[in-house]
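Report on the following structure.
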Amino acid sequence: MRNIILRALEPSDIDTLYLWENTPEMWQYGVSQAPISRHQLWEYIRSYSANPLSEGQLRLMIASGNEKIGTVDLYDIDSRHGRAFVGIMIAPEYRRKGYGRAALSFLTEYCRDTLSLRLLAATIAETNNASLNLFKASGFTPEASLPGWIKETGNRYVAARIFIKEL
C-alpha cells in the first residue's frame with residue numbers, strides 16, 4: 001500500500017486546488033461546471049469545521065510527503081442512518097499507482113472507526129472505467145444503475161452506477 005496520509009486542507013493547498021478545480025477535463029465526472037476563484041477556496045478552507053457529522057461533508061487532501069496526490073470527499077453524511085457518499089480525485093500524474101486504493105482504504109477506516117458510519121456509497125459514470133475499477137478493487141459492490149443520470153460532453157447522457165461498501 002502506498003505511503004499516504006489524509007489531512008485537512010491547508011491555506012498552502014489553495015494553488016493546487018485552484019489548478020485542479022479549474023481544469024475543464026476534471027469537470028466531466030464532478031459537479032463543477034464553472035471556474036472557482038482562489039477567494040472561494042480560501043473561504044472554504046477558512047470555514048472548515050472539524051465536525052463532518054454536523055456539516056454533512058468533508059474534503060481531505062491525499063498527500064505523500066510534500067506531494068499533493070489528490071482529494072477525497074465525503075458528502076451527504078447522514079449520521080442517523082450511518083452512511084455517506086464518497087468521491088475521489090487523483091491528479092493525473094499519480095493515477096494508476098495505487099494512491100486511490102490506499103486513500104479509500106484509509107477513508108474507510110476513518111469512517112468506520114471515527115465517524116461510526118456503516119455504509120459508504122459512490123455514484124460513478126458508467127464510462128469512467130478507472131473509477132469503476134478503483135471502487136471494485138476497494139471492496140465496493142455495484143448495487144444499482146441510474147440510466148441517463150450523468151451528462152457528459154455535448155448532449156450525451158450516461159448511466160450512473162451506484163456502488164456500496166459495508167464498513
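Residue indices begin at 1 and follow the sequence shown.
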Using side-chain heavy atoms (C-beta onward) and a distance below 4.5 Å, is L119 in contact with L167? no
Nearest heavy-atom contact between A125 and E152 is CB-OE2, 4.5 Å
For the pair S64 (side chain) and E67 (backbone), establish whether a donor and an acceptor sit closer than 3.5 Å, ignoring hydrogens and angles. no
Once salt bridge (charged side-chain N to carboxylate O under 4.0 Å, His left out) is applied, what residue pairs with a partner in residues 105-121 remain, sequence neighbours excluded? none
Shared hydrophobic cluster, F85 / L74 (ILVMFWY, side-chain heavy atoms < 4.5 Å): no
Donor-acceptor pair, side chain of E126 and main chain of V158, under 3.5 angstrom: no
Are L107 and L53 co-members of a hydrophobic cluster defined by side-chain heavy atoms under 4.5 Å apart? yes
Within a strict 4.5 Å, meaning less than it, do heavy atoms of the I90 and K97 side chains meet? no
From CD1 (I164) to CG (L120), nearest 0.5 Å: 9.0 Å
How far apart are the closest heavy atoms of I150 and A160, and which atoms are they? CD1-CB, 3.7 Å
Applying the 4.5 Å side-chain criterion to the ILVMFWY set and letting contacts propagate, would Y110 and Y75 be lumped into a single cluster? no
Taking all heavy atoms of V72 and all of V86, pick out the closest pair and write down the distance. CG2-CG2, 3.9 Å
State, to 0.1 Å, how close F163 and I124 come at their nearest heavy-atom pair, and which atoms those are. CD1-CD1, 3.8 Å
Answer yes or no: are there more than 12 heavy-atom neighbours, outside R96 itself, under 6.0 Å from its atom CZ? no
Min side-chain heavy-atom separation D78-D76 under 4.5 Å: no
Can you tell me if T108 uses its side chain to pair, donor with acceptor, with the backbone of L104 under 3.5 Å? yes
Interatomic spacing from CD in E21 to CE in M89 - rounded to 0.5 Å: 7.5 Å
Using modelled atom types only, decide if a donor and an acceptor are shared between the side chain of R101 and the backbone of A137 within a distance under 3.5 Å. yes
Quick check: closest heavy atoms across W42 and P11, and the distance to 0.1 Å? CZ3-CB, 3.5 Å
Can you measure from CG (L9) to CG (L60) and round to the nearest 0.5 angstrom? 7.0 Å
May I ask you to decide if F140's main-chain N or O and S138's side chain share a donor-acceptor pair within less than 3.5 Å? no
Between D13 and R59, does at least one N-O distance fall below 4.0 Å, as a salt bridge requires? no
I need the E55 CD to S47 OG distance, nearest 0.5 Å. 7.5 Å
Side chains of N129 and L132 in contact at under 4.5 Å (non-hydrogen atoms): yes
Residue E166 excluded, over 12 heavy atoms near CD under 6.0 Å: no
Can you give me the closest heavy-atom contact between F135 and A122, atom names plus distance? CE2-CB, 3.5 Å
With a 4.5 Å heavy-atom cut-off, do F106 and I5 have their side chains touching? no
